[in-house]
Colleague: 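I have a structure I would like to understand better, so I am pasting it below and will then ask my questions one at a time.
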Amino acid sequence: VQLQASGGGLVQAGGSLRLSCTASGRIFSSHFMGWFRQTLGEEREFVAGIRWGSGNTYYSDFVKGRFTISREKGKQSVSLEMNSPKIEDTAIYHCALAMRGYSQQANEFDVWGQGTLVTVSS
């Protein structure tokens with residue numbers, strides 16, 4: 001499986017932006033898809049994730065209520081809708097796949113997309 005992320009760019013604080021991630025191979029019901037973000041000098045941090053089979057979603061506290069993760073099984077894709085972004089949401093966002101299921105730990109994800117830069121301006 002390979003992951004291709006897209007949709008990053010410049011957005012004003014309080015606006016909205018949608019990130020997408022498409023898998024080239026098949027994603028199975030037991031898999032877990034996540035979005036992480038990383039800023040310079042910092043480790044990747046979990047943003048949101050979704051169980052591919054059930055669609056159950058998980059969010060970090062700093063995006064809960066603002067971001068929404070969703071999946072389209074037929075398109076083998078996962079999206080992250082970023083509403084009311086804040087300046088501190090500026091980062092490179094990566095989508096990732098955990099074949100063993102639910103996790104919020106970056107080292108438990110097996111496949112990573114290339115990352116897409118999101119810049120939030122005031």
Side-chain angles (χ1 to χ4, degrees):
V1 176
Q2 291 184 322
L3 302 177
Q4 180 72 39
S6 62
L10 179 64
V11 60
Q12 276 195 320
S16 64
L17 191 68
R18 186 179 182 91
L19 307 182
S20 296
C21 177
T22 302
S24 60
R26 184 176 174 187
I27 305 174
F28 293 89
S29 295
S30 59
H31 292 170
F32 186 80
M33 293 291 294
W35 285 95
F36 287 77
R37 69 187 188 187
Q38 188 172 24
T39 55
L40 190 64
E42 300 293 327
E43 294 186 356
R44 290 181 184 181
E45 60 180 358
F46 178 81
V47 175
I50 185 166
R51 293 186 187 269
W52 195 255
S54 67
N56 288 351
T57 57
Y58 305 82
Y59 298 93
S60 287
D61 288 343
F62 50 77
V63 303
K64 199 172 293 183
R66 299 188 297 122
F67 292 6
T68 302
I69 188 170
S70 60
R71 71 184 181 345
E72 287 190 65
K73 285 189 170 182
K75 295 183 178 181
Q76 297 285 277
S77 68
V78 61
S79 296
L80 184 69
E81 186 77 31
M82 305 172 63
N83 292 315
S84 300
K86 303 176 182 179
I87 292 175
E88 52 264 41
D89 292 322
T90 294
I92 296 174
Y93 284 73
H94 299 266
C95 59
L97 167 68
M99 293 182 177
R100 286 155 287 182
Y102 168 80
S103 177
Q104 295 191 13
Q105 304 302 315
N107 62 4
E108 294 181 352
F109 282 73
D110 306 285
V111 183
W112 290 84
Q114 84 285 9
T116 184
L117 176 62
V118 173
T119 303
V120 184
S121 65
S122 59

Colleague: Do S121 and L10 come close enough that some side-chain heavy atom pair is under 4.5 Å?
Modeller: yes

Colleague: Given side chains that start at C-beta, do those of H31 and V1 come closer than 4.5 Å, heavy atoms only?
Modeller: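 Heavy-atom side-chain distance check fails, nothing below 4.5 Å.
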
Colleague: Got a second to check how far I92's CD1 is from E42's CD, nearest 0.5 Å?
Modeller: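 Taking CD1 in I92 and CD in E42, the distance rounds to 13.0 Å.
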
Colleague: Let me confirm one number: the CZ-CZ distance from R100 to F109, rounded to the nearest 0.5 Å.
Modeller: 10.0 Å

Colleague: Is the distance between the ring centroids of F46 and Y59 less than 6.0 Å?
Modeller: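 So the answer is no for these two rings.
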
Colleague: Could you tell me if T68 and E81 have a donor-acceptor pair between their side chains, going purely by distance under 3.5 Å?
Modeller: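 Per modelled atom types, E81 and T68 side chains form no pair under 3.5 Å.
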
Colleague: For residues F62 and V120: do they belong to one hydrophobic cluster (side chain heavy atoms under 4.5 Å, members Ile, Leu, Val, Met, Phe, Trp, Tyr)?
Modeller: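 Same hydrophobic cluster.
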
Colleague: Are S122 and I87 side-chain neighbours, meaning at least one heavy-atom pair lies under 4.5 Å?
Modeller: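 The answer is yes, as the side chains (C-beta and beyond) meet within the 4.5 Å cut-off.
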
Colleague: Quick check: is L117 connected to W112 through a chain of hydrophobic side chains (ILVMFWY, heavy atoms under 4.5 Å apart)?
Modeller: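 No: no chain of side-chain contacts under 4.5 Å links W112 to L117.
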
Colleague: Give, for atom CG of N83 and atom CZ of R66, the distance between the pair rounded to the nearest 0.5 Å.
Modeller: 9.5 Å

Colleague: Considering only heavy atoms from C-beta outward, does the side chain of R71 approach that of M33 to under 4.5 Å?
Modeller: no

Colleague: When you look at CD of E43, are more than 12 heavy atoms from neighbouring residues, nucleotides or ligands closer to it than 6.0 Å?
Modeller: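 Check fails, neighbour count at 12 or below.
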
Colleague: Are W52 and S30 close enough, and set up right, to give a side chain to side chain contact (heavy atoms under 4.5 Å, CB included), and what steps lead you there?
Modeller: CA-CA 7 Å; W52 195 255; S30 59; over 6 Å; no

Colleague: Would you say CD of Q2 has more than 12 non-hydrogen atoms from neighbouring residues, nucleotides or ligands within 6.0 angstrom?
Modeller: no

Colleague: F67 vs W35, test: ring-ring contact (aromatic ring centres under 6.0 Å, His included). Steps then yes/no.
Modeller: CA-CA 11 Å; F67 292 6; W35 285 95; over 10 Å; no

Colleague: Output the distance between atom NE2 (H94) and atom CG (L19), rounded to the nearest 0.5 Å.
Modeller: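 It is 11.5 Å, given to the nearest 0.5 Å.
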
Colleague: So does G8 get a backbone contact from the side chain of T116, meaning a donor-acceptor N/O pair under 3.5 Å?
Modeller: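 At least one qualifying donor-acceptor pair exists.
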
Colleague: Walk me through it: do V11 and T119 pass the test side chain to side chain contact (heavy atoms under 4.5 Å, CB included)?
Modeller: CA-CA 6 Å; V11 60; T119 303; over 6 Å; no

Colleague: So V118 and T90, do their side chains get closer than 4.5 Å, heavy atoms only?
Modeller: no

Colleague: Give a yes or no on whether a salt bridge exists between R37 and E45, defined as a side-chain N under 4.0 angstrom from a carboxylate O.
Modeller: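 Looking at R37 and E45, the cut-off is met.
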
Colleague: Report yes if the side chains of L80 and Y93 come closer than 4.5 Å at any heavy-atom pair, otherwise no.
Modeller: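 Sidechains of Y93 and L80: in contact.
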
Colleague: Could you check if a side-chain atom of R18 sits within less than 4.5 angstrom of a side-chain atom of M82, using non-hydrogen atoms only?
Modeller: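 The answer is no; the side chains never approach within 4.5 Å.
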
Colleague: Angle between ring planes, Y102 versus Y58, binned at 30° and 60°: parallel, tilted or perpendicular?
Modeller: tilted

Colleague: For the residue pair F36 and Q38, establish whether any side-chain heavy-atom pair is separated by less than 4.5 Å.
Modeller: no

Colleague: Can you tell me if K75 has over 12 outside heavy atoms packed within less than 6.0 Å of its NZ?
Modeller: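 Incorrect, the count does not exceed 12.
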
Colleague: Within this structure, what is the CD1-OG distance for the pair I50 and S79, rounded to the nearest 0.5 Å?
Modeller: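 With rounding to 0.5 Å, CD1 (I50) is 9.5 Å from OG (S79).
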
Colleague: Please determine if D89 and K86 form a salt bridge, counting it only when a charged side-chain N lies under 4.0 Å from a carboxylate O.
Modeller: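 Result for this pair is no, no salt bridge flagged.
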
Colleague: Rounded to the nearest 0.5 Å, how far does OG1 of T39 lie from CD of E88?
Modeller: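 The distance works out to 11.5 Å.
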
